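Written out below as structure tokens is the structure these notes cover.
All values below come from the heavy atoms of this structure, side chains included, with hydrogens, waters and symmetry mates left out. Here, residue 1 is the first one in the sequence, and each next residue gets the next number. Every value quoted in this text rests on a predicted model; they were computed, and no experiment measured them. Both counts, for ligands and for their atoms, begin at 1 and track the order of listing.
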Amino acid sequence: MKTSVMISKNIHQRAFDIFKEHNILTSVLKTKESLMDECQKHQALICMLSDTIDESFLKANSHLKAIANYAVGYNNIDLAYCKKLKIPVSNTPDVLTNATAELAFSLLLACSRHLKSALHNAELGQWKAWEPLGFLGRELHGQTLGVIGFGRIGQAFAKLCHQAFNMKVVYTAKTEKDFTWAQRVKHAELMQNSDIISLHCPLNQDTYKLLNKQSFQMMQKQPIVINTARGEVIDQEALVEALQENQIYAAGLDVTTPEPLPREHPLYLAPNVLITPHIGSATESARSAMAEICAKNIIAGLRGQALPQSLY
Ligand code: NAP
Ligand code: GLV
Ligand code: GLV
């Protein structure tokens, strides 16, 4: 029997080219098929962040020789159970760091200058004259940036802000880092002193609703909040309230709870909330490199070798 890999959505061509070179068959899940059922016919899986790889899925697919997540975040996978079943798992670190940091930067710039409303104004024919008092925004130069989760993406984003706008950078992380240009502070201090708060931590038990009602109440500078991490890191009901009470200036969200966010959700109506459909890593080069990493990890797993980007 020829080896074959299940891929839960059509991904960048790079992966298919690599599998072809190695004489490995691939099958992309069709819309009406069940991933749990289809996986049983294949030896390995490339899954998306939107696939829930939990205990019941794994029990039904304990034969898998490797699982490659087409994402760096892996909160969709029960890693402990994979470990128990000895199924190796990989993710796609590093190659999407710049893409995601740049998207966070885009959201920040758009939030600071009311781009959503300004674009609508021009497009809808409401631009009648140059307005001395229209669309007054905030300048970013010299502001204090608070980064929650100072890992690969958090650092890359902070560097952009520090270099472009001479921002002061403070952060929270699990462990101390050694940077001259960024200072580790306590959660409360970050909430109180930041003009901008950007989330870059993984979603896990410690970070679930990390930004909640109390956090919003601690904010003193009416910050711009950027989330390119995971929707569940913010208590979204508390965010809606914080916007109503003007505790924050604007929010730029690439991730929400749930995804997709239903069309009628109040967050879409707020002029100072910008929502993008989870496109952090959506650049040609990042997605190609992610496909390459997934293919290489799957091939290693099929050969019984250690995965280069192994998660445990
Ligand atoms: P990473 O390098 O592992 O960085 C994560 C950072 O979060 C680490 O510095 C970690 O601290 C810190 N952290 C963990 N728990 C924390 C807590 N309770 N409070 C504060 N900080 C905490 O990961 P990455 O590559 O930067 O990716 C970060 C996340 O971004 C991913 O997990 C994913 O969910 C999200 N993401 C989203 C997109 C998108 O399309 N929007 C794209 C890529 C990634 P230590 O260093 O001390 O361990
Ligand atoms: C995207 O959200 C990722 O985790 O790669
Ligand atoms: C604006 O366009 C200016 O010239 O100040």
Between N212 and S215, a side-chain donor and acceptor under 3.5 Å: yes
Within-cut-off N or O pair, R230 and ligand 2, under 3.5 Å: yes
Identity of the nearest option to atom 16 (C) of ligand 1, non-hydrogen atoms only, from D206, T207, T175: T207
N75 N/O under 3.5 Å from ligand 1 N/O: no
Face-on cation placement of R138 at Y249 ring, 6.0 Å and 45° thresholds: yes
Proximity flag P93 to ligand 1, non-hydrogen atoms under 4.0 Å: no
Backbone N/O of M48 and side chain of K9: donor-acceptor pair under 3.5 Å: no
Atoms of ligand 2, numbered as shown, that sit under 4.0 Å from any heavy atom of A71: 3 (C), 4 (O), 5 (O)
Ligand 2 contact on T100 by region, counting heavy-atom pairs under 4.0 Å: neither
Min N/O separation S281 to ligand 2 under 3.5 Å: no
R230 contact mode with ligand 1 (heavy-atom cut-off under 4.0 Å): side chain
Closest to atom 20 (C) of ligand 1 (judged by heavy-atom distance), picking from N91, V147, T172: T172
Chi angles and distances behind the side chain to side chain contact (heavy atoms under 4.5 Å, CB included) call for V233, Y208: CA-CA 5 Å; V233 179; Y208 178 76; over 6 Å; no
Residue and atom name of the nearest protein heavy atom (relative to atom 14 (C) of ligand 1), distance in Å to one decimal: P202 CD, 3.6 Å
K213 and its salt bridge (Lys or Arg N to Asp or Glu O under 4.0 Å) partner, picked from E237, E241, E245: E241
D54 and T52: side chain donor to acceptor below 3.5 Å: no
Close approach, M290 and ligand 2, non-hydrogen under 4.0 angstrom: no
Atoms in ligand 2 flagged as close to L49, the criterion being non-hydrogen separation under 4.0 Å: 1 (C), 2 (O)
Nearest protein heavy atom with distance in Å, relative to atom 2 (O) of ligand 3: W130 NE1, 4.7 Å
For atom 48 (O) of ligand 1, the option (of H200, K174, E232) bearing the nearest heavy atom: K174
Expected output: side-chain N69 to main-chain G73 donor-acceptor under 3.5 Å: yes
S194 side, atom OG; I148 side, atom CD1 - distance, nearest 0.5 Å: 8.0 Å
Top protein contact for atom 36 (N) of ligand 1, by heavy-atom distance: T228 O, 3.6 Å
Among A99, A71, C201, S281, closest by any non-hydrogen atom to atom 22 (C) of ligand 1: C201
Distance filter under 4.0 Å to G73 heavy atoms, resulting ligand 2 atoms: 3 (C), 4 (O), 5 (O)
Any V72 heavy atom less than 4.0 Å from ligand 1: yes
Part of V255 with heavy atoms under 4.0 Å of ligand 2, whether side chain, backbone, both or neither: neither
Backbone N/O of K174 and side chain of R184: donor-acceptor pair under 3.5 Å: yes
Option of least heavy-atom distance to atom 9 (O) of ligand 1 (set: G151, G73, A101): G151
Residue selection (non-hydrogen contact nearest atom 19 (N) of ligand 1) among L210, D254, V255: L210
NZ/NE/NH1/NH2 to OD/OE distance under 4.0 Å, E284 and R287: no
Any N or O of T97 closer than 3.5 Å to N or O of ligand 1: no
Side-chain donor/acceptor of Q43 to backbone N/O of S4, under 3.5 Å: yes
Close approach, K177 and ligand 1, non-hydrogen under 4.0 angstrom: yes
Nearest neighbour in protein (non-hydrogen) for atom 12 (C) of ligand 1: G149 CA, 3.6 Å
Donor-acceptor contact below 3.5 Å, side chain D37 vs main chain S34: no
Check: S310 side chain, L307 main-chain N or O, donor-acceptor pair, under 3.5 Å: no
Residue, atom name and distance, where the atom is the protein heavy atom closest to atom 5 (O) of ligand 2: V72 N, 2.7 Å
C82 side, atom SG; F57 side, atom CZ - distance, nearest 0.5 Å: 9.5 Å
